[in-house]
Amino acid sequence: MLVHLSIHNYAIVDHLDLELDAGMSAISGETGAGKSIMLDALGLCLGDRADSGVVRPGADKADILASFDLADIPEARTWLAERDLDNDGPCILRRVITAEGRSRGYINGSPCPQADLKALGELIIDIHSQHEHQSLLKTDTHRRLLDEYAGSQDLARQVQLAAQRWKQTRNELERISSQGDEQRARHQLLSYQLEELENLALGDNELEQLEQEHKALSNAEALLAACRQVLDLCSESDAGNVLSALTASLNRLGAFGGQGGALNEASNLLASAQIQVEEAVGELNRFLDHFDADPERQQLLEERLDTIYTLARKHRIQPAELTALQQQLFEELESLNADDQASERLAEELTAYERHYQEKAVELSALRSNAAERLAAAVEQEMQALGMPGGRFNIQLQAMSSEEPHASGLETVEFLVSANPGQPLRGLAKVASGGELSRISLAIQVITAQTSRVPTLVFDEVDVGIGGPTAEVVGQLLRRLGERGQVLCVTHLPQVAAQGHQHLFVHKRRGEDATSTAVSKLDESGRVEEIARMLGGVDLTEESLAHARKMVTSAQAA
């Protein structure tokens, strides 16, 4: 419930701090004193639109803060927890509007968009006035109130969840199906390309080896001639060769053995050179022994390399990248195969979700249909007592035009009303008279209050256009609502004000330079005087005071 309201520099309110209690709080005061201003300021904390015109003249900003006790509102606590906005104390909604027209909202100290203030506000307080924003003008509220009255909230949530899952699955299935032709063509291409690469069967390092061997075979004659020439120069030339020259050199120096120093080092180097030349000659001979300049082998190599180069050009990559491409194509083909499997799985899930939705939605429809008759009869009876003799109330359940699962169930719910005899039933939002709309709303709230999840109800001048016995009935109904939660009621009627558990008096406080609004919580004597004023005007008489005292005493004793 609303436990504290703080208003700074809003309209004609300079500074106002108001503590609020459970039960029915009657709010009265002279016309223009600022009664509705308080509720308008509260509406800003609940996400209503604002402009710079609400800032008190001379101030740089208006600041409104509302504190709520959410102990009995689990939906609101869950909403806050899901957004990491919850805390251990009261829930604090704040709105700041600057003189330049900028607006900022806060929930428990964290900045938030206006939509979040509105969404949370709808869970914790319901403002009933002659303005368009009241929730009972919305068919979503009609459906919620009917489900709460029928005790089918859990079933309604199951229907909503089943419809959401069905829609998500349908969208995913459509996404995959919409790509069907394109995917099939891609699947066919990938399969063909992958088959080509698999048939190529390019081995590790095969390309490098093939190129080396092909290069050797292509230069076979020149290579053989060069090898033979080197062998001749190193070891086979009769006219002189490297090995014979090294041997002769070593023999010549050996005749001067024992000299040591540089001569000994030179002999060692010549001996090492002799060994290396002999090893090189051996390697050349082995190469010549095993080298096979086979034209057929060269032809095979050229054909193999041509196949590799052609496939690489086809994919516009380097031949060395063919192995990586094969792995990439394989993974993409596997992904497409997975989509095919996912499509079959999603189709099965879609059927299951639709079947589950239909079962729960049919069950919900039966509960709604049964509860709609009982709720309509009860509200209609309250309307008669509220000065609408001959008024009618009906709840229309109309089947959805679409056969697809809908989060709301199989039907729409709309409250229809006829305020006067002979008038046709029309949607609640089309009721012409604001006073009638407020009283109809009051009748609905009285019936649904025991099941409603919103504990705080605000009624702004619901007594417009009524008086006498009807006004007393209105007051009694509001008091009954207050006994189940919290009711704030702006009223001009003493019959209504007398029924309050507490009484707030709104008045203007005039200073030398400015006028501002103030609110006082009246004690018993002050309350009697205010109700006497409402009964008889400015001049209080013994008769009006006695009448007021009797009204208050009778209301408290009821």
Side-chain angles (χ1 to χ4, degrees), residues 1-8 10 20 39-51 54 61-98 101-127 133-145 147-148 152-169 171-172 405-409 451-458 485-486 488:
M1 70 174 188
L2 178 64
V3 295
H4 180 79
L5 180 63
S6 177
I7 304 172
H8 294 267
Y10 178 81
L20 295 153
L39 300 187
D40 291 340
L42 176 60
L44 290 176
C45 281
L46 304 174
D48 285 354
R49 299 185 64 180
D51 57 57
V54 303
K61 65 181 179 180
D63 195 336
I64 303 101
L65 182 148
S67 299
F68 293 86
D69 182 355
L70 304 184
D72 297 325
I73 319 176
E75 293 89 349
R77 297 201 306 271
T78 300
W79 190 95
L80 290 169
E82 289 174 348
R83 293 159 178 78
D84 293 327
L85 295 172
D86 52 336
N87 58 18
D88 295 332
C91 175
I92 300 175
L93 307 186
R94 183 185 175 204
R95 190 80 175 273
V96 178
I97 300 97
T98 68
R102 293 190 299 273
S103 172
R104 297 189 302 274
Y106 302 87
I107 297 177
N108 288 333
S110 298
C112 68
Q114 179 180 335
D116 279 359
L117 286 175
K118 183 175 288 291
L120 179 58
E122 289 179 352
L123 297 176
I124 58 181
I125 190 169
D126 203 356
I127 298 180
H133 71 276
Q134 73 170 355
S135 65
L136 276 173
L137 295 177
K138 304 173 184 176
T139 55
D140 286 347
T141 302
H142 302 175
R143 184 182 64 253
R144 173 179 60 78
L145 289 173
D147 285 338
E148 289 177 350
S152 57
Q153 302 100 305
D154 290 340
L155 185 58
R157 279 191 289 270
Q158 293 179 43
V159 169
Q160 181 183 23
L161 182 59
Q164 289 173 347
R165 287 176 174 171
W166 181 90
K167 186 175 182 180
Q168 291 168 355
T169 305
N171 291 343
E172 182 64 15
H406 193 279
S408 300
T451 55
S452 177
R453 58 178 170 80
V454 180
T456 298
L457 304 175
V458 178
Q486 183 184 43
L488 306 177

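All of these numbers come straight from a predicted model, not from anything done at the bench.
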- Between R77 and D86, does at least one N-O distance fall below 4.0 Å, as a salt bridge requires?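 Result for this pair is no, no salt bridge flagged.
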
- Message: Regarding K118 and E122, does a basic nitrogen lie under 4.0 Å from an acidic carboxylate oxygen?
- Response: no

Flag the pair [X] / [Y] as yes when at least one side-chain heavy-atom distance between them is below 4.5 Å, and no otherwise.
X: R49; Y: D51; answer: no
X: R157; Y: L161; answer: no
X: I64; Y: I97; answer: yes
X: I125; Y: L42; answer: yes
X: L120; Y: C91; answer: yes
X: L2; Y: V458; answer: no
X: F68; Y: I73; answer: no
X: Q168; Y: E172; answer: no

- Task: For R94 and D63, work out which heavy atoms get closest and say how close.
- Result: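 Residues R94 and D63, closest heavy atoms: NH2-OD2, 2.7 Å.
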
- Item | Heavy-atom closest contact (A76 atom, I124 atom, distance) | CB-CG2, 3.6 Å

- Query: Can you pull the salt bridge (Lys or Arg N to Asp or Glu O under 4.0 Å) pairs that have at least one residue in residues 65-76, sequence neighbours excluded?
  - Reply: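 Output for this query is empty, none listed.
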
Side-chain atoms of residues 105-115: list all donor-acceptor pairs with protein atoms under 3.5 Å, sequence neighbours left out, distances to 0.1 Å.
{"from": "Y106", "atom 1": "OH", "to": "R104", "atom 2": "NE", "distance (Å)": "3.0"}
{"from": "N108", "atom 1": "OD1", "to": "N87", "atom 2": "ND2", "distance (Å)": "3.2"}
{"from": "N108", "atom 1": "OD1", "to": "I92", "atom 2": "N", "distance (Å)": "2.9"}
{"from": "N108", "atom 1": "ND2", "to": "L85", "atom 2": "O", "distance (Å)": "2.6"}
{"from": "Q114", "atom 1": "NE2", "to": "G47", "atom 2": "O", "distance (Å)": "2.8"}

- Rounded to the nearest 0.5 Å, how far does CG of L39 lie from CG of L488? 7.5 Å

- Task: Given side chain to side chain contact (heavy atoms under 4.5 Å, CB included), test L20 with T456 step by step and report yes or no.
- Result: CA-CA 11 Å; L20 295 153; T456 298; over 6 Å; no

- With D140, which of H142, R144, R143 fulfils side-chain hydrogen bond (donor to acceptor under 3.5 Å, both in side chains)?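 Exactly one option meets the side-chain hydrogen bond (donor to acceptor under 3.5 Å, both in side chains) with D140, and it is R143.
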
- Do L46 and L93 pass the side chain to side chain contact (heavy atoms under 4.5 Å, CB included) test, and can you show the C-alpha distance, the side-chain angles, and the key distance before you say yes or no? CA-CA 8 Å; L46 304 174; L93 307 186; 4.0 Å; yes

